[in-house]
Structure formats: structure tokens, C-alpha cells
Amino acid sequence: MKLGFAVKVLGDGGLPSHDARRWQSQPHLRVSIERLGAIVDYLERHDLRMYRMSSDVVPYGSHPDLPQFHGQVEECAEELATLGERTRAAGIRLSVHPGQYAVLNSEHAEVRRAAATELELEAALLDAMGLGPEAVVVLHVGALAGGKEAAVERFLRSFEALGERARARLVIENDDARYGLGEVLALAGKTGLRVVWDAHHHACYDPDKIPAEEALRLALETWRRRDGIPKIHYSSPKTAAEESKRKVGRRVERRLVLPPLKAHADLIDPISFESFLRGPAAAAPDFDVMLEAKAKDLALRRLRDQLAKRGFGWSDGMLTGPAAPG
DNA sequence: CGATGTCAAGGAATC
DNA sequence: GATTCCTTGACATCG
């Protein structure tokens with residue numbers, strides 16, 4: 001089991017994830033590739049083998065009003081192939097996850113088109129890197145506008161209109177409020193898409209009341225042998241440990257602020273994660289875990305240390321089972 | 001240098 | 001139809 005983290009590197013003083021300059025400064029994928037190279041150095045240095053790239057690695061790469069930015073993947077074909085080969089050789093699993101603005105089932109045709117363009121771009125990026133089928137583009141089903149039935153229908157139509165490469169890279173994830181795992185699995189059945197189960201979202205929203213062990217099993221079953229190792233998302237909910245202070249007259253009042261249930265904590269709760277490993281995960285076939293925590297790579301490294309104290313092992317970027325007691 | 005505003009982008013609740 | 005929140009990070013600008 002590989003454990004991964006998303007986008008930002010906080011360790012070793014912090015590393016930039018992409019060329020984030022604004023369009024006026026002519027940012028370029030070439031710069032992002034150099035930064036990715038430094039991140040791969042970091043991953044190797046710390047024996048980490050799973051990473052989600054920023055959805056902005058290709059600056060303005062699908063912006064409708066900035067066509068001069070559209071050829072970047074092709075322009076960088078050579079550099080991408082080199083970087084891809086390097087990550088492949090290192091056993092590093094890569095993925096991307098478009099932001100909240102990519103809505104494939106929007107009511108607005110313009111928005112659907114933009115989402116499709118974004119998916120094509122990200123698929124082209126992974127293809128140019130020569131990555132295997134386990135390098136996926138993770139997307140939520142999207143909006144509810146117009147009613148769920150119509151929204152699902154729009155998703156299906158948009159999906160079918162995608163190019164072959166985008167369809168091949170796409171996987172769908174259950175979200176925390178609109179499309180629960182049951183619905184996502186039904187869509188997977190109709191499209192052949194693989195499913196990434198997000199355990200935290202599942203705890204937030206699961207109208208079908210699917211027990212965790214079954215949810216995990218069903219999601220993993222959407223991955224066929226030729227798709228590579230399946231993966232899931234895991235995070236811990238933010239707790240109300242933080243207090244806010246506000247002035248009341250001359251006095252300062254301390255108030256407990258409850259975060260929304262869906263908010264991610266800074267770290268992964270090692271006790272819950274261990275329960276997950278020993279419970280639902282124990283009976284499942286091999287899979288990888290993308291950790292979503294605000295402390296990013298530091299959360300992963302902390303969790304790894306904590307699991308080590310609980311008897312789990314780590315070798316070649318993989319979490320291994322607990323040593324036999326005694 | 002530190003503080004503040006802004007960014008390509010949507011959805012949904014609210015009025 | 002317009003406004004605001006959601007929620008994120010870092011560039012860009014200003015004092």
C-alpha cells in the first residue's frame with residue numbers, strides 16, 4: 001500500500017508545486033516541470049511514492065481567452081517524457097484532480113465545454129509523461145442543478161463526448177454533499193469508469209447507508225487488473241480544538257468554534273487510520289491511499305512514524321503490515 | 001517588509 | 001437577477 005499526499009510540499013522548507021505567475025508574466029509548463037523535478041527529488045529523499053500534481057501545472061493551459069497558452073503540453077513533450085520516465089523508474093504514482101470549477105455536468109454548455117477541455121488537457125499531460133493506467137484524473141460527478149436525474153443525464157452525455165484519452169484517464173469520486181457512493185457506483189456501471197472512494201466524504205454523505213467495508217470493496221471492484229492498483233482518499237475531520245477570541249467591551253471572550261463536518265484536519269488521526277487498516281481494509285485486496293490533510297507531506301510523514309510505533313513497516317515507499325506480535 | 005487585494009473558473013442558498 | 005459564501009494559496013500591489 002502506497003500512501004500519498006496532494007500538491008504542496010511543506011517539508012524541507014517548502015517547495016513550489018508549479019509556475020503560479022499570472023498570465024502577464026508568461027508562466028509556462030516548462031517551469032512547472034522543473035519544479036516537479038525538485039518535488040520528485042524530495043519524494044525520493046523521503047521514500048514517498050505517491051503524489052497528486054497541482055491542477056495548475058499547465059498555467060492557463062485551458063483558458064478560453066488565452067489561446068497562446070494552449071500548446072504547452074506539446075511544446076514540452078520531451079521534458080514530460082523524461083520526467084515521466086524518471087517517476088516510472090522510481091515507482092512514483094502520480095495523479096491530478098481538477099478544481100471545483102471543472103463541472104462536467106453543468107447546466108451551462110459553456111461550463112461543460114470548459115470542463116471537457118480541462119480533462120482533455122490533463123489526460124494529454126499524463127499521456128505525454130508515458131504514465132500507466134493507474135495515473136488518473138479524479139473528478140466529482142458535479143452539480144445537482146435541474147434535478148438529479150437531469151444532472152446525471154448531462155454527466156453521461158458529456159462523458160460520452162470526451163475523447164478516448166480523457167475517458168481512459170477519468171475516474172469518479174463520491175463527494176460530501178451531492179453524489180454519494182451509491183450514485184457514483186451506478187454511474188460507474190453505466191460508463192465503465194473506475195471509482196475512487198473517499199472515506200471522509202462517505203462519512204459526511206452516504207444516503208444509501210453503505211457500511212465502510214462494503215463501500216471499500218465495491219469501489220475497489222470497479223478497478224480491473226489492467227487498470228493498475230486501485231486507490232482511495234482518506235482524511236480526518238477537523239476538530240474544534242481551536243478557539244477564537246473576540247472582544248466584548250473591555251473583556252476578551254474565548255469561544256469554541258465548530259468547523260464544518262467536511263473540513264479536513266491538519267493531520268491524519270493515527271488511531272482512526274489504524275482501525276481502518278485493521279478493520280475494513282484488512283479483508284480487501286491491495287490498494288493505495290491518497291491522504292488529504294492540510295499539513296500535506298508532513299501529515300503523511302507523521303502518520304508513517306506513528307504507524308511504525310504501532311508495528312507497521314515501511315519499505316520502498318509502501319506501508320507494510322504490522323509485524324507479528326512477540 | 002508586512003498587509004491587503006486579487007485571481008480564470010461554478011454552485012447553491014438567499015433575498 | 002444580484003449577492004454572498006464555500007475555501008485556497010500565492011502572486012501582485014501598496015503603504
Side-chain angles (χ1 to χ4, degrees), chain A residues 5-11 13-29 31-32 34-36 38-39 51-70 72 96-122 137-152 154-155 158 172-180 183 198 200-201 204-205 233 235-238 242 244 257-266 290-299:
Chain A
F5 69 99
V7 186
K8 212 164 56 155
V9 175
L10 299 178
L15 295 171
S17 58
H18 65 286
D19 188 352
R21 290 173 297 168
R22 298 191 185 169
W23 65 266
Q24 295 89 337
S25 312
Q26 291 165 286
H28 202 277
L29 171 58
V31 177
S32 291
E34 283 173 22
R35 297 183 172 178
L36 282 169
I39 289 176
Y51 173 70
R52 177 196 299 165
M53 295 186 281
S54 165
S55 57
D56 295 324
V57 273
V58 192
Y60 302 97
S62 63
H63 193 295
D65 302 328
L66 299 173
Q68 68 271 32
F69 284 95
H70 289 186
Q72 293 176 75
V96 281
H97 193 348
Q100 62 183 126
Y101 299 111
V103 184
L104 199 54
N105 75 340
S106 170
E107 278 191 300
H108 309 285
E110 195 82 351
V111 175
R112 294 198 299 273
R113 245 194 315 277
T117 305
E118 179 69 20
L119 295 179
E120 301 287 357
L121 174 75
E122 293 184 349
V137 177
V138 184
L139 189 73
H140 294 295
V141 178
L144 287 173
K148 189 161 269 187
E149 202 179 329
V152 165
R154 286 197 301 271
F155 181 90
S158 296
I172 45 178
E173 176 192 352
N174 58 305
D175 69 52
D176 58 31
R178 296 186 274 275
Y179 292 91
E183 211 116 36
D198 187 308
H200 177 56
H201 290 163
C204 295
Y205 185 68
H233 290 177
S235 53
S236 295
K238 193 174 189 65
E242 294 137 40
S244 75
V257 177
L258 294 175
L261 289 172
K262 61 183 182 177
H264 289 166
D266 293 345
M290 176 59 68
L291 301 172
E292 296 179 321
K294 292 183 71 98
K296 309 291 183 189
D297 53 315
L298 299 181

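Just so it is clear: chains get the letters A, B, ... in the order the sequence lines come, proteins before strands, and each one is counted from 1.
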Worksheet item: Checking all strands, does Leu144(A) fall into the base, sugar-phosphate, or nothing category for heavy-atom contacts under 4.0 angstrom?
Response: sugar-phosphate
Worksheet item: Would you say Ser25(A) reaches dC11(C)'s phosphate, i.e. side-chain N/O to OP1/OP2 under 4.0 Å?
Response: no
Worksheet item: Between dG11(B), dA8(B), dA9(B), which nucleotide gets closest to the side-chain atoms of Tyr101(A)?
Response: dA9(B)
Fill in: Spacing between Arg113(A) atom CZ and dG10(B) atom P, to the nearest angstrom
13 Å
Discussion item. I need the CZ-P distance between Phe69(A) and dA9(B), as an integer number of Å.
Written reply: 15 Å
Worksheet item: How long is the line joining NE2 of His97(A) and P of dT8(C), in whole Å?
Response: 13 Å
Worksheet item: Any idea which of dG10(B), dA12(B), dA8(B) is nearest the Asp56(A) side chain?
Response: dA8(B)
Practice prompt. Mark yes or no for whether Asn174(A), through its side chain, and Asp198(A), through its backbone, hold a donor-acceptor pair below 3.5 Å.
Written response: yes
Response to the item:
Atom NE2 of His18(A) and atom P of dA10(C) are separated, to the nearest Å, by 8 Å
Worksheet item: Is the His201(A) ring parallel, tilted or perpendicular to the His140(A) ring (thresholds 30°, 60°)?
Response: tilted
Discussion item. Closest approach to the side chain of Lys8(A), judged atom by atom: which nucleotide of dT6(B), dG11(B), dG9(C) is it?
Written reply: dG9(C)
Practice prompt. May I ask you to test the Arg52(A)-Glu292(A) pair for a side-chain heavy-atom distance under 4.5 Å?
Written response: yes
Worksheet item: Counting side-chain heavy atoms from CB outward, which of dG11(B), dA9(B), dA10(C) is closest to Ala143(A)?
Response: dG11(B)
Practice prompt. Using both distances under 3.5 Å as the test, list the Watson-Crick or G-U wobble partner of dG5(B), or none.
Written response: dC11(C)
Response to the item:
Separation of dG10(B) atom P from His63(A) atom NE2, nearest Å, is 10 Å
Discussion item. Roughly how many Å apart are dC6(C) and dA3(B), using the P atom of each and rounding to a whole number?
Written reply: 24 Å
Worksheet item: What's the closest nucleotide to the Val103(A) side chain, out of dT7(C), dG11(B), dC11(C)?
Response: dG11(B)
Discussion item. Just the rounded figure in Å: distance from C1' of dG10(B) to NE2 of His108(A).
Written reply: 8 Å
Discussion item. Go nucleotide by nucleotide along DNA chain B from the 5' end; which of Trp23(A) and Arg178(A) gets its closest nucleotide reached first?
Written reply: Trp23(A)
Response to the item:
From CZ of Arg22(A) across to P of dA10(C) the rounded distance in Å is 13 Å
Discussion item. I'd like the P distance from dT8(C) over to dG2(B), given in whole Å.
Written reply: 25 Å
Discussion item. Please check: side-chain N/O of Ser158(A) versus main-chain N/O of Leu104(A), any donor-acceptor pairing under 3.5 Å?
Written reply: yes
Worksheet item: Just checking Ala114(A): base, sugar-phosphate only, or nothing, at a heavy-atom cut-off of under 4.0 Å?
Response: nothing
Item to complete: Just compare dG10(B), dA8(B), dC11(C) and give me whichever is closest to any side-chain atom of Tyr60(A).
Response: dA8(B)
Discussion item. For dC11(C), does the base pair up with any side-chain atom of Arg21(A) as donor and acceptor (N or O, under 3.5 Å, distance only)?
Written reply: no
Item to complete: Could you work out which one of dT7(C), dG10(B), dA8(B) sits closest to the side chain of Ser62(A)?
Response: dA8(B)
Worksheet entry | Rounded P spacing from dT7(C) to dA8(B) in Å | 22 Å
Discussion item. Give me the distance, rounded to whole Å, that separates dT6(B) from dT3(C) when you measure between the P atoms they each carry.
Written reply: 16 Å
Discussion item. I want to check one thing: is the phosphate of dA10(C), taken as OP1 and OP2, less than 4.0 Å away from some side-chain N or O of Ser17(A)?
Written reply: no
Worksheet entry | Any residue meeting side chain to side chain donor-acceptor pair (under 3.5 Å) with Arg21(A), in chain and number order, not counting sequence neighbours | Asp19(A)
Worksheet, complete the sentence: Checking dT8(C), dA9(B), dA12(B) against the side chain of Lys294(A) (C-beta onward), the nearest is dT8(C)
Worksheet entry | Length of the CG-P vector between Asp175(A) and dG11(B), whole Å | 14 Å
Fill in: Asn105(A) vs Glu118(A), nearer the 5' end of DNA chain B by closest nucleotide
Glu118(A)
Item to complete: Spell out, as yes or no, whether a donor-acceptor pair under 3.5 Å connects the side chain of Arg35(A) to the backbone of His18(A).
Response: yes
Worksheet item: Are the side chains of Pro59(A) and Gln72(A) in touch, meaning some heavy atoms are under 4.5 Å apart?
Response: yes
